[in-house]
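First up is the structure itself, then whatever we jot down about it.
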Protein chains: 2
Amino acid sequence: MQFKELDADRLDTAANMLKAIAHPMRIAILKHLEGGKKLTVTQIHELLGIEQSTTSHHLGILKDKGVLCSRREGKNTFYYLKHDVLSQVVDCLERCTCGE
Amino acid sequence: MQFKELDADRLDTAANMLKAIAHPMRIAILKHLEGGKKLTVTQIHELLGIEQSTTSHHLGILKDKGVLCSRREGKNTFYYLKHDVLSQVVDCLERCTCGE
DNA sequence: ATTAAATATTTATATATTTGCATTTGTAAT
DNA sequence: ATTACAAATGCAAATATATAAATATTTAAT
């Protein structure tokens, strides 16, 4: 068992990570970042058609919870997946939401 | 691409499913149900040390969002994973929360 | 030093979630 | 029909989350 004894801290960490992902806009963001892609706040805000501040907020949550990383280059900040494995979470869901 | 056009309804469905899972107690529940195990409300409530009504509530959420199924047998109601694939979501998380 | 562009933060409001207690419903046995 | 156990529901208080408008910060160019 990888969660040693279902330790409360690890459950919290995992739950927070999942909670970060569990939002329609944030899933959409992850989908756009699959395969190691890197996008700026503005690009995402335009792709999704949501407010800049809202976009930044969502990205902040994903970064804070360890789902994304960011790297500033000049005026732009590029966001990208921290663990590419995380695409699997979304992919797994897709499989489950298909045949219903 | 499996989400056809990142369709809003599918994003919602996926988000709701993830939201259902994204809670420490509910992740703990899933861990106990891995491998096709079936447990009653009381068993889970005792395993986790939380209130019966709280347990039932969590199970209701997981069932409602398509994560669990239930089957009544006499006075007991057994809960179990609807898609065993879903263990992968938890497993994937474990992998991501290990080396940090 | 000004200006402009890209991000981030603050703030306020609306909405949703979590939890336990008390109650109710469902099922089986006497 | 009464009793007992299992599970679900209604409720209320505490807490958390989402959104957008306004503001602030960071960086680059002039």
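Protein chains get the first letters and strands the later ones, always in sequence-line order, with residue 1 at the start of each. Just so it is clear, the values below take in all heavy atoms, side chains as well, and ignore hydrogens, waters and symmetry mates. As the structure is a prediction and not an experimental result, all values here were calculated from the model.
- Phosphate contact (OP1/OP2 of C:dA6, side-chain N/O of A:R72, threshold under 4.0 Å): absent.
- Atom-to-atom, CG of B:N16 to P of D:dA18 comes out at 12 Å; the value is rounded to the nearest Å.
- Of all nucleotides listed (C:dT19, C:dA6, D:dA20), C:dT19 comes nearest to the side chain of B:T54.
- For the pair A:L18 CG and D:dT17 P, the interatomic distance rounds to 14 Å; values are reported in whole Å.
- The NE2 atom of A:H23 sits 12 Å away from the P atom of D:dT17 (whole-angstrom rounding).
- Within 4.0 Å of B:S56, counting heavy atoms only, lies at least one base atom of the nucleic acid.
- For D:dA7, the OP1/OP2 oxygens have a side-chain nitrogen or oxygen of B:N76 closer than 4.0 Å.
- When heavy atoms are screened at a 4.0 angstrom cut-off, B:T40 is found touching the sugar-phosphate backbone but no base atom.
- In terms of phosphate contacts, A:S53 brings no side-chain nitrogen or oxygen within less than 4.0 Å of OP1 or OP2 of D:dA22.
- At the heavy-atom level, B:F78 lies nowhere under 4.0 Å from the strands shown.
- Distances shorter than 4.0 Å separate some side-chain N or O of B:Y79 from OP1 or OP2 on D:dA8.
- With hydrogens and angles ignored, a donor-acceptor pair under 3.5 angstrom links the side chain of B:Q52 to the base of D:dA8.
- Here D:dA18 presents its P atom at 13 Å from CG of A:L59, a figure rounded to the nearest Å.
- Considering only side-chain N and O atoms, A:H58 lies under 4.0 angstrom from the phosphate OP1 or OP2 of D:dT19.
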